[in-house]
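Here the structure is laid out as structure tokens; the discussion comes afterwards.
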There are 2 protein chains.
Amino acid sequence: MNAADIAKIAGVSRSTVSRVVNNYGNVTEETRSKVLDIIKEYNYVPHASAQMLAGKKSKIMGLFIIDTKDEKEGNKMCTSSYFSPFTDAVIDAANKQRYNVLISMINEDNDYNNVKELFQNKTISAGIFIGAKNNEPAIKEIIEEGYKIAVIEQEVAGEQDPFSKCIVVNSDSFGGGYQATKYLIQLGHKNIAHLCGDMEQLTAISRIEGYKKALLDAGVSIKNNLIVKGDYTEESGYKAVKKLLLKEKLTAIFIANDSMSIGAMRAIEELGLKIPEDISVVGFDDIEVSRHLQPSLTTVRVPLFQMAFMAANNLIKANDENIDFYANYKIPVELIIRNSCKQMEV
Amino acid sequence: MNAADIAKIAGVSRSTVSRVVNNYGNVTEETRSKVLDIIKEYNYVPHASAQMLAGKKSKIMGLFIIDTKDEKEGNKMCTSSYFSPFTDAVIDAANKQRYNVLISMINEDNDYNNVKELFQNKTISAGIFIGAKNNEPAIKEIIEEGYKIAVIEQEVAGEQDPFSKCIVVNSDSFGGGYQATKYLIQLGHKNIAHLCGDMEQLTAISRIEGYKKALLDAGVSIKNNLIVKGDYTEESGYKAVKKLLLKEKLTAIFIANDSMSIGAMRAIEELGLKIPEDISVVGFDDIEVSRHLQPSLTTVRVPLFQMAFMAANNLIKANDENIDFYANYKIPVELIIRNSCKQMEV
DNA sequence: CTGAAAGCGCTTACAG
DNA sequence: CTGAAAGCGCTTACAG
């Protein structure tokens, strides 16, 4: 059952069937309803590929989740606590506008080639990237080929930067790092450590900057031996904090994400220390588990739902209206105070 | 840059370009490598829609996540802790075989029409359903139209049932309910309550059956006032258990999933009772948070990764080889003992 | 408002 | 082993 069949049955031309299907204006009401009836009766659905080949654009957008950490069994789930609400929201936003979303994971650099192919072979007409390292050249290449792109957490380095030619949605990582650290300072802490995230990502870079600025503004000196490196995985949090506590004296630690905080809490506990009595902890992201931890984790909430909606809706708009629309959003974050920090005694 | 351009540059016909692209045998090595070079040089990628229209089948499979609960903000995240590992594994399995996956949520019955359209307009050539209620007629319809389908957690009611014409992957919910309950019995509990899941779903139906059978086998009488209804959401767990504890006397409760267990634990705590000292709790699913709860939750692990791989791989195989392949798997589950249950004193 | 025709970019018998 | 041609199912100027 194709357009020609419908045309024959309805006694009109294929052109007219097409006009009805696409809801164009230049058809009599009578013709339209006659054709519509036949379409319904025979349950005719236009062949998407034929439509595309003839000029319609794809209603499929890509969502690409970058996670190039070496995967142990455990990690996967953790990273997905961050990506999963984002994914849900993208699908939700897309479906509402009759778009579909094709999701793919990027675990190694080579996977970017598959993504590029998806654009080139016209399967998708737009794409969202989340989890990429800052300045990722593979994404820049795709943007430069002229495809419609939205990126989460990317720095735009001036007008020459390809990232200025897409939709960028960032959270205020600097502000979040600042707030988190300031909160610890206000509680009376002096020796506040920081566990960094994967420094290839913008979030990690900005969160540590916020941390440093807060210390600076409060006149607390920055001690480099209190700053340690992680890679955003739970395991890295565990190791880094265990090592740190064995060497340094501190009463509080600001950790660049919640997954590492979970590992850190395990390390602290294993060393016989109590949270928050001995060590105060602030995380970042507010993933689902954080409110269920013992003690519940004080953290900075990143509004991933909202960011997903902005990325998806802007992208769809640009695609539907066939316009070049570029933007650079910075979404505010919020400190969520729970039970992992305590006021220092005076 | 299309096949005709490549053909002209390489000095061959479009047919030959097509043969090279599709890696057919009947081309001289010389011709092949010449064409391949040109393709690489000009970065030619065949138009996916044109290929499909000319007869190739779609390399996109659909993944449909059914969640028809009334959505409050909170629920969404909870349900996704169950779906998210499954989704990850499906994408992983698909990508490994050069398939892409298009994900869509079904929040109301009407959304099934969009799914059907995706098959009818040939965007996807196969699909996986997870979260559907048992016996879902909308899915039956799709199977009956002849599309390649895999379904998670569905009962197959004989050879006449449309579900016998697809790939069914179930976990052993009955066995899990049985094990969980038996474990509580062995710990010396007599008054073991059960909080059911959404009874429209096969898992809920089978889990309660396992519970009853375990009691029966142990000679413990089934008390209907100890069996209460939930709908798999955290909130329903909270409400049901609060009400239950106010009325009945019990020392243990087997809860049909972990999300409800989280709500239940909150209810128990609010009533001033301790887990496991006053009430032992066993959940089901082993979602990510469960091991982080306080106390960590004893639960039945459902191997969603494995189920996802079976569904995806079987489906892809059936699609690639263009065969009708039907199967009905029952995947074993495992009781994960943590700290939410205690041995009764003698 | 409507139809005949060209064209989108491939694949696949068919013939050689 | 290779090419000319038909065909996949649409949309969109163009002409009326």
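Throughout, protein chains are lettered first and strands after them, A, B, ... in sequence-line order, and every chain is numbered starting at 1.
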Q) Hey, does A:Asn26 reach any base, or is it just sugar-phosphate, or nothing, if we go heavy atoms under 4.0 Å? A) base

**Q.** Position toward the 5' end of DNA chain C (nearest nucleotide), B:Leu53 or A:Gly25
**A.** A:Gly25

Q: Can you tell me the distance, in whole Å, between the CZ atom of A:Arg14 and the C1' atom of D:dG7?
A: 12 Å

Q.
Within the 4.0 Å heavy-atom criterion, would you say A:Ser18 contacts the bases, only the backbone, or no part of the nucleic acid?
A. base

Q: Report which part of the nucleic acid A:Val17 touches: base, sugar-phosphate, or nothing (heavy-atom distance under 4.0 Å, all strands).
A: nothing

Q) Of all the nucleotides listed (C:dA4, C:dC1, C:dA13), which has the minimum atom distance to the side chain of B:Arg19? A) C:dA13

Q.
If you define the side chain from C-beta out and look only at heavy atoms, does anything of A:Lys96 sit under 4.5 Å from A:Asn313?
A. no

(Q) Dot-bracket, 5' to 3', for DNA chain D please: Watson-Crick or G-U pairs under 3.5 Å, [ ] where pairs cross earlier ones, | where the partner sits on another strand, dots elsewhere. (A) |||.||||||||.|||

Q: Looking only at side-chain atoms of B:Ser15, point me to the closest of D:dC10, C:dT12, C:dG3.
A: C:dT12

(Q) Tell me whether B:Glu30 at atom CD has more than 12 heavy atoms from other residues, nucleotides or ligands lying less than 6.0 Å away. (A) no

Q: Would you please name every residue forming a salt bridge (Lys or Arg N to Asp or Glu O under 4.0 Å) with B:Lys8, sequence neighbours left out?
A: none

(Q) With a 6.0 Å cut-off (strictly less than), is the heavy-atom count around CD of B:Glu159, excluding the residue itself, greater than 12? (A) no

Q. Do B:Lys59 and B:Asp320 sit within salt-bridge range, that is, some charged N less than 4.0 Å from a carboxylate O?
A. yes

Q) If you check every side-chain atom of B:Pro46, which of D:dT2, C:dT2, C:dC10 has the closest atom? A) C:dC10

(Q) Taking the basic N atoms (NZ, or NE/NH1/NH2) and the acidic carboxylate oxygens, is any pair closer than 4.0 Å for A:Asp324 and A:Lys165? (A) no

